[in-house]
Protein chains: 2
Amino acid sequence: MNTVIQYLLKEQRLRNTRFRQAILQTLDHQASPISAPDLLRKLQISGYSINKTTVYREMDILLAKGLVEEVRFNEDVRRYELKSAHHHHLICQTCQKIEEIAFAHDLSDKEAEILATKKFKVLKHSLEFFGLCESCQKKCK
Amino acid sequence: MNTVIQYLLKEQRLRNTRFRQAILQTLDHQASPISAPDLLRKLQISGYSINKTTVYREMDILLAKGLVEEVRFNEDVRRYELKSAHHHHLICQTCQKIEEIAFAHDLSDKEAEILATKKFKVLKHSLEFFGLCESCQKKCK
DNA sequence: TTGACAAATGCAACTAAGTTGCATAATAAT
DNA sequence: ATTATTATGCAACTTAGTTGCATTTGTCAA
(Lines give C-alpha, C1' and ligand atoms only; values in the text may rest on other atoms or scores of the structure.)
Protein backbone atom coordinates (compact mmCIF):
# COMPACT_ATOMS: atom_id res chain seq x y z
CA MET A 1 0.00 0.00 0.00
CA ASN A 2 0.84 3.67 -0.32
CA THR A 3 3.97 4.38 1.71
CA VAL A 4 2.98 7.99 2.31
CA ILE A 5 -0.18 6.81 4.01
CA GLN A 6 1.82 4.25 5.98
CA TYR A 7 4.14 7.00 7.14
CA LEU A 8 1.27 9.28 8.16
CA LEU A 9 -0.28 6.50 10.22
CA LYS A 10 2.99 5.85 12.06
CA GLU A 11 3.42 9.53 12.71
CA GLN A 12 -0.08 9.89 14.13
CA ARG A 13 0.13 6.62 16.11
CA LEU A 14 -2.87 5.22 14.28
CA ARG A 15 -3.18 1.45 13.87
CA ASN A 16 -2.77 0.10 10.41
CA THR A 17 -6.10 -1.65 9.94
CA ARG A 18 -7.58 -2.90 6.66
CA PHE A 19 -10.54 -0.53 6.95
CA ARG A 20 -8.40 2.48 7.68
CA GLN A 21 -6.20 1.58 4.72
CA ALA A 22 -9.20 1.11 2.47
CA ILE A 23 -10.71 4.41 3.53
CA LEU A 24 -7.50 6.34 2.97
CA GLN A 25 -6.91 4.66 -0.39
CA THR A 26 -10.43 5.51 -1.48
CA LEU A 27 -10.06 9.11 -0.41
CA ASP A 28 -6.76 9.23 -2.24
CA HIS A 29 -8.31 8.07 -5.50
CA GLN A 30 -11.23 10.43 -5.15
CA ALA A 31 -11.39 13.41 -7.50
CA SER A 32 -13.71 15.37 -5.22
CA PRO A 33 -14.86 15.25 -1.59
CA ILE A 34 -16.97 12.22 -0.70
CA SER A 35 -19.64 11.80 1.97
CA ALA A 36 -19.59 9.11 4.66
CA PRO A 37 -22.66 7.32 3.24
CA ASP A 38 -21.12 7.28 -0.26
CA LEU A 39 -17.83 6.07 1.15
CA LEU A 40 -19.62 3.29 3.00
CA ARG A 41 -21.43 2.16 -0.15
CA LYS A 42 -18.23 2.30 -2.18
CA LEU A 43 -16.36 0.16 0.32
CA GLN A 44 -19.16 -2.36 0.56
CA ILE A 45 -19.30 -2.66 -3.21
CA SER A 46 -15.54 -3.28 -3.16
CA GLY A 47 -16.16 -6.25 -0.90
CA TYR A 48 -15.48 -4.80 2.53
CA SER A 49 -18.12 -5.75 5.08
CA ILE A 50 -17.70 -2.56 7.03
CA ASN A 51 -20.18 -0.98 9.36
CA LYS A 52 -21.38 2.60 9.08
CA THR A 53 -20.39 3.33 12.68
CA THR A 54 -16.84 2.48 11.74
CA VAL A 55 -16.86 4.85 8.81
CA TYR A 56 -18.25 7.73 10.85
CA ARG A 57 -15.83 7.11 13.69
CA GLU A 58 -12.95 6.80 11.28
CA MET A 59 -13.73 10.14 9.71
CA ASP A 60 -13.79 11.71 13.18
CA ILE A 61 -10.37 10.25 13.95
CA LEU A 62 -8.83 11.27 10.65
CA LEU A 63 -10.26 14.75 11.07
CA ALA A 64 -8.89 15.06 14.59
CA LYS A 65 -5.48 13.86 13.43
CA GLY A 66 -5.55 16.33 10.58
CA LEU A 67 -5.33 13.76 7.78
CA VAL A 68 -8.61 14.75 6.19
CA GLU A 69 -10.59 17.93 5.83
CA GLU A 70 -14.32 18.38 6.07
CA VAL A 71 -16.16 20.43 3.51
CA ARG A 72 -19.82 21.15 3.25
CA PHE A 73 -21.70 22.26 0.19
CA ASN A 74 -25.41 23.07 0.07
CA GLU A 75 -26.32 19.57 1.12
CA ASP A 76 -27.45 17.63 4.15
CA VAL A 77 -24.20 15.67 4.30
CA ARG A 78 -20.63 16.38 5.24
CA ARG A 79 -17.97 15.56 2.70
CA TYR A 80 -14.36 14.62 3.26
CA GLU A 81 -11.14 14.86 1.32
CA LEU A 82 -7.52 14.13 2.04
CA LYS A 83 -5.85 17.19 3.44
CA SER A 84 -3.42 18.57 0.93
CA ALA A 85 -3.10 22.01 -0.53
CA HIS A 86 -6.02 24.16 0.54
CA HIS A 87 -8.42 24.51 -2.32
CA HIS A 88 -11.96 25.45 -3.20
CA HIS A 89 -14.70 23.97 -5.37
CA LEU A 90 -16.99 24.63 -8.28
CA ILE A 91 -20.32 22.90 -7.66
CA CYS A 92 -22.71 22.55 -10.58
CA GLN A 93 -26.27 23.17 -9.42
CA THR A 94 -27.70 21.12 -12.27
CA CYS A 95 -25.64 17.93 -12.53
CA GLN A 96 -24.02 18.17 -9.08
CA LYS A 97 -20.56 17.70 -10.54
CA ILE A 98 -17.84 18.96 -8.24
CA GLU A 99 -14.56 20.31 -9.51
CA GLU A 100 -11.61 21.41 -7.46
CA ILE A 101 -9.85 24.64 -8.24
CA ALA A 102 -6.33 25.50 -7.29
CA PHE A 103 -7.03 28.93 -6.03
CA ALA A 104 -4.40 31.60 -6.19
CA HIS A 105 -6.66 33.99 -4.37
CA ASP A 106 -5.18 34.85 -0.98
CA LEU A 107 -7.49 35.74 1.89
CA SER A 108 -4.86 36.30 4.56
CA ASP A 109 -4.97 40.07 4.15
CA LYS A 110 -8.71 39.92 4.61
CA GLU A 111 -8.31 37.75 7.67
CA ALA A 112 -5.83 40.22 9.14
CA GLU A 113 -8.32 43.00 8.50
CA ILE A 114 -11.04 41.01 10.28
CA LEU A 115 -8.78 40.58 13.31
CA ALA A 116 -8.00 44.28 13.36
CA THR A 117 -11.54 45.58 12.92
CA LYS A 118 -13.64 42.83 14.47
CA LYS A 119 -11.17 41.28 16.93
CA PHE A 120 -12.15 37.92 15.45
CA LYS A 121 -9.30 35.42 14.97
CA VAL A 122 -9.93 33.47 11.77
CA LEU A 123 -8.74 29.86 11.98
CA LYS A 124 -10.16 28.68 8.70
CA HIS A 125 -12.49 29.76 5.98
CA SER A 126 -14.69 28.18 3.36
CA LEU A 127 -15.17 29.56 -0.11
CA GLU A 128 -17.25 27.65 -2.63
CA PHE A 129 -18.75 28.60 -5.96
CA PHE A 130 -22.15 27.39 -7.11
CA GLY A 131 -23.33 27.65 -10.69
CA LEU A 132 -23.37 25.89 -14.03
CA CYS A 133 -20.65 23.70 -15.47
CA GLU A 134 -19.80 23.96 -19.15
CA SER A 135 -22.06 21.18 -20.40
CA CYS A 136 -25.03 22.25 -18.30
CA GLN A 137 -24.72 25.79 -19.65
CA LYS A 138 -25.07 24.39 -23.15
CA LYS A 139 -28.08 22.25 -22.22
CA CYS A 140 -29.89 25.24 -20.69
CA LYS A 141 -29.72 27.28 -23.87
CA MET B 1 -47.26 44.73 10.40
CA ASN B 2 -44.20 45.72 8.38
CA THR B 3 -45.35 47.38 5.17
CA VAL B 4 -42.24 46.28 3.31
CA ILE B 5 -43.10 42.66 4.01
CA GLN B 6 -46.70 43.31 3.00
CA TYR B 7 -45.49 44.78 -0.29
CA LEU B 8 -43.17 41.85 -0.96
CA LEU B 9 -46.00 39.38 -0.38
CA LYS B 10 -48.24 41.23 -2.84
CA GLU B 11 -45.49 41.37 -5.39
CA GLN B 12 -44.81 37.64 -5.12
CA ARG B 13 -48.50 36.75 -5.03
CA LEU B 14 -48.12 35.06 -1.65
CA ARG B 15 -51.08 34.93 0.70
CA ASN B 16 -50.87 37.04 3.79
CA THR B 17 -51.27 34.38 6.47
CA ARG B 18 -50.52 34.74 10.19
CA PHE B 19 -47.77 32.11 10.03
CA ARG B 20 -46.09 33.67 7.03
CA GLN B 21 -46.23 37.04 8.73
CA ALA B 22 -44.83 35.60 11.95
CA ILE B 23 -42.01 33.84 10.12
CA LEU B 24 -41.03 36.94 8.17
CA GLN B 25 -41.21 39.13 11.27
CA THR B 26 -39.03 36.69 13.17
CA LEU B 27 -36.49 36.55 10.39
CA ASP B 28 -36.54 40.33 10.24
CA HIS B 29 -35.71 40.66 13.94
CA GLN B 30 -33.00 38.02 13.76
CA ALA B 31 -29.40 39.19 14.05
CA SER B 32 -28.03 36.08 12.36
CA PRO B 33 -29.35 33.23 10.19
CA ILE B 34 -31.75 30.88 12.00
CA SER B 35 -32.48 27.20 11.37
CA ALA B 36 -35.94 25.77 10.70
CA PRO B 37 -35.99 23.82 14.00
CA ASP B 38 -34.99 26.94 15.95
CA LEU B 39 -37.55 29.02 14.11
CA LEU B 40 -40.22 26.44 14.91
CA ARG B 41 -39.33 26.49 18.62
CA LYS B 42 -39.28 30.27 18.69
CA LEU B 43 -42.71 30.53 17.10
CA GLN B 44 -44.18 27.92 19.43
CA ILE B 45 -42.80 29.76 22.47
CA SER B 46 -44.41 32.93 21.12
CA GLY B 47 -47.73 31.15 21.22
CA TYR B 48 -48.16 30.01 17.63
CA SER B 49 -49.31 26.40 17.33
CA ILE B 50 -47.51 25.85 14.08
CA ASN B 51 -46.43 22.55 12.59
CA LYS B 52 -42.88 21.77 11.50
CA THR B 53 -44.07 20.79 8.03
CA THR B 54 -45.42 24.30 7.64
CA VAL B 55 -42.14 25.86 8.62
CA TYR B 56 -40.14 23.70 6.22
CA ARG B 57 -42.55 24.30 3.39
CA GLU B 58 -42.63 28.01 4.10
CA MET B 59 -38.86 28.22 3.90
CA ASP B 60 -38.98 26.43 0.54
CA ILE B 61 -41.52 28.91 -0.75
CA LEU B 62 -39.69 31.99 0.52
CA LEU B 63 -36.46 30.62 -0.96
CA ALA B 64 -38.07 29.99 -4.32
CA LYS B 65 -39.58 33.47 -4.33
CA GLY B 66 -36.23 34.97 -3.44
CA LEU B 67 -37.32 36.52 -0.14
CA VAL B 68 -34.85 34.56 1.95
CA GLU B 69 -31.39 33.15 1.46
CA GLU B 70 -30.07 29.82 2.66
CA VAL B 71 -26.69 29.63 4.32
CA ARG B 72 -24.91 26.66 5.73
CA PHE B 73 -22.13 26.64 8.24
CA ASN B 74 -20.36 23.56 9.52
CA GLU B 75 -23.56 22.13 10.92
CA ASP B 76 -26.19 19.55 10.15
CA VAL B 77 -28.85 22.21 9.64
CA ARG B 78 -29.64 24.81 7.03
CA ARG B 79 -30.03 28.37 8.19
CA TYR B 80 -32.09 31.13 6.67
CA GLU B 81 -31.97 34.91 6.62
CA LEU B 82 -33.94 37.62 4.90
CA LYS B 83 -32.37 38.43 1.59
CA SER B 84 -30.82 41.84 1.71
CA ALA B 85 -27.31 42.97 0.94
CA HIS B 86 -25.09 39.99 0.29
CA HIS B 87 -22.88 39.41 3.30
CA HIS B 88 -20.71 36.83 4.99
CA HIS B 89 -20.29 35.55 8.53
CA LEU B 90 -17.83 35.08 11.35
CA ILE B 91 -18.63 31.86 13.19
CA CYS B 92 -16.99 31.30 16.57
CA GLN B 93 -15.96 27.68 16.92
CA THR B 94 -16.12 27.84 20.70
CA CYS B 95 -19.32 29.67 21.64
CA GLN B 96 -21.04 29.30 18.25
CA LYS B 97 -21.80 33.01 18.10
CA ILE B 98 -22.47 34.19 14.57
CA GLU B 99 -21.71 37.69 13.42
CA GLU B 100 -22.47 39.20 10.05
CA ILE B 101 -19.85 41.20 8.23
CA ALA B 102 -20.51 43.77 5.60
CA PHE B 103 -17.88 42.60 3.19
CA ALA B 104 -16.26 45.04 0.85
CA HIS B 105 -14.36 42.21 -0.80
CA ASP B 106 -15.47 41.78 -4.38
CA LEU B 107 -15.27 38.35 -5.99
CA SER B 108 -16.67 39.26 -9.39
CA ASP B 109 -13.22 39.47 -10.96
CA LYS B 110 -12.51 36.01 -9.63
CA GLU B 111 -15.79 34.73 -10.98
CA ALA B 112 -15.00 36.20 -14.39
CA GLU B 113 -11.64 34.43 -14.28
CA ILE B 114 -13.35 31.15 -13.40
CA LEU B 115 -15.66 31.54 -16.40
CA ALA B 116 -12.73 32.27 -18.69
CA THR B 117 -10.43 29.48 -17.52
CA LYS B 118 -12.86 26.81 -16.35
CA LYS B 119 -15.95 27.65 -18.45
CA PHE B 120 -17.91 27.48 -15.20
CA LYS B 121 -20.65 30.11 -14.80
CA VAL B 122 -20.78 31.15 -11.15
CA LEU B 123 -24.31 31.97 -9.96
CA LYS B 124 -23.52 32.38 -6.31
CA HIS B 125 -20.75 31.80 -3.82
CA SER B 126 -20.39 31.20 -0.14
CA LEU B 127 -17.58 32.60 1.95
CA GLU B 128 -17.58 32.06 5.70
CA PHE B 129 -14.90 32.50 8.33
CA PHE B 130 -14.49 30.14 11.28
CA GLY B 131 -12.40 30.96 14.32
CA LEU B 132 -12.49 32.59 17.72
CA CYS B 133 -14.51 35.62 18.74
CA GLU B 134 -12.95 38.24 20.99
CA SER B 135 -14.20 36.87 24.31
CA CYS B 136 -13.33 33.25 23.46
CA GLN B 137 -9.79 34.31 22.54
CA LYS B 138 -9.40 35.76 26.03
CA LYS B 139 -10.79 32.63 27.71
CA CYS B 140 -8.38 30.39 25.82
CA LYS B 141 -5.32 32.23 27.06
C1' DT C 1 6.30 -15.67 20.31
C1' DT C 2 3.15 -14.54 23.50
C1' DG C 3 0.35 -11.98 26.65
C1' DA C 4 -1.72 -7.77 27.91
C1' DC C 5 -3.48 -3.39 27.03
C1' DA C 6 -5.40 0.00 24.12
C1' DA C 7 -7.54 0.90 20.01
C1' DA C 8 -10.82 -0.56 16.59
C1' DT C 9 -15.14 -2.67 15.27
C1' DG C 10 -20.09 -4.37 15.04
C1' DC C 11 -24.59 -4.20 16.44
C1' DA C 12 -28.76 -2.35 17.86
C1' DA C 13 -31.16 1.25 19.35
C1' DC C 14 -31.45 5.92 19.26
C1' DT C 15 -31.93 11.25 17.92
C1' DA C 16 -32.82 14.78 14.83
C1' DA C 17 -33.46 17.04 10.23
C1' DG C 18 -36.02 16.98 6.59
C1' DT C 19 -39.82 14.93 3.25
C1' DT C 20 -44.31 13.20 1.47
C1' DG C 21 -49.25 12.01 0.74
C1' DC C 22 -53.50 13.07 1.86
C1' DA C 23 -57.27 15.27 4.08
C1' DT C 24 -58.93 19.68 5.80
C1' DA C 25 -58.96 24.72 6.47
C1' DA C 26 -58.18 29.39 5.19
C1' DT C 27 -57.58 33.05 1.70
C1' DA C 28 -58.45 35.98 -2.34
C1' DA C 29 -60.79 36.98 -6.41
C1' DT C 30 -65.13 36.96 -8.75
C1' DA D 1 -71.45 33.96 -0.94
C1' DT D 2 -69.11 30.76 -4.15
C1' DT D 3 -65.24 28.76 -5.80
C1' DA D 4 -60.56 27.82 -7.05
C1' DT D 5 -56.26 27.94 -5.11
C1' DT D 6 -53.06 28.02 -1.56
C1' DA D 7 -51.83 26.91 3.11
C1' DT D 8 -51.83 23.80 6.95
C1' DG D 9 -51.78 19.62 10.11
C1' DC D 10 -50.93 15.05 10.89
C1' DA D 11 -48.76 10.79 10.65
C1' DA D 12 -45.63 8.06 8.67
C1' DC D 13 -41.47 7.96 6.51
C1' DT D 14 -36.23 8.46 5.01
C1' DT D 15 -31.66 9.41 5.94
C1' DA D 16 -27.47 11.27 8.45
C1' DG D 17 -25.30 10.87 12.31
C1' DT D 18 -24.57 9.23 17.47
C1' DT D 19 -24.03 6.23 21.59
C1' DG D 20 -23.37 2.32 24.85
C1' DC D 21 -21.70 -1.90 25.27
C1' DA D 22 -19.70 -6.19 24.10
C1' DT D 23 -16.15 -8.26 21.22
C1' DT D 24 -12.18 -8.42 18.21
C1' DT D 25 -7.78 -6.95 16.54
C1' DG D 26 -3.27 -4.59 16.36
C1' DT D 27 0.94 -3.19 18.79
C1' DC D 28 4.58 -3.43 21.78
C1' DA D 29 7.21 -4.98 25.61
C1' DA D 30 8.88 -8.89 27.95
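Every chain is numbered from 1 and lettered A, B, ... according to where its sequence line falls, protein lines coming before strand lines.
- In this structure, B/Leu62 atom CG and D/dT8 atom P are separated by 10 Å, rounded to whole Å.
- Atom CG in B/Asn16 sits about 17 Å away from atom C1' in C/dA25, given to the nearest Å.
- Using a 4.5 Å heavy-atom cutoff, the side chains of A/Leu107 and B/Leu127 are in contact.
- Annotation: the span from A/Thr54 atom OG1 to A/Phe19 atom CZ amounts to 6.5 Å, rounded to 0.5 Å.
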In the 5'-to-3' direction, what one-character label does each nucleotide of nucleotides 8-21 of chain C receive under the scheme B = base within less than 4.0 Å of a protein heavy atom, S = sugar-phosphate only, - = no such atom?
SBBBB----SBBBB

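- Distance A/Met59 CE to D/dA16 P: 15 Å, rounded to the nearest Å.
- Nucleotide D/dT15 holds its P atom 16 Å from the CZ atom of A/Arg79, rounded to whole Å.
- As rounded to whole Å, 13 Å separates atom C1' of C/dT27 from atom CG of B/Leu9.
- Qualifying side chain to side chain donor-acceptor pair (under 3.5 Å) partners for B/Glu99, counting only residues two or more places apart in sequence or in other chains: none.
- For the residue pair B/Lys121/A/Gln93, the side-chain donor-acceptor check at 3.5 Å is not satisfied.
- Of the N and O atoms on the side chains of B/His87 and B/Glu81, at least one donor lies less than 3.5 Å from an acceptor on the other residue.
- In this structure, B/His125 has its ring center no closer than 6.0 Å to that of A/His89.
- Here the P atom of nucleotide D/dA16 and the CD atom of A/Glu70 are 15 Å apart, to the nearest Å.
- The CG atom of B/Leu43 sits 14 Å away from the C1' atom of D/dT8 (whole-angstrom rounding).
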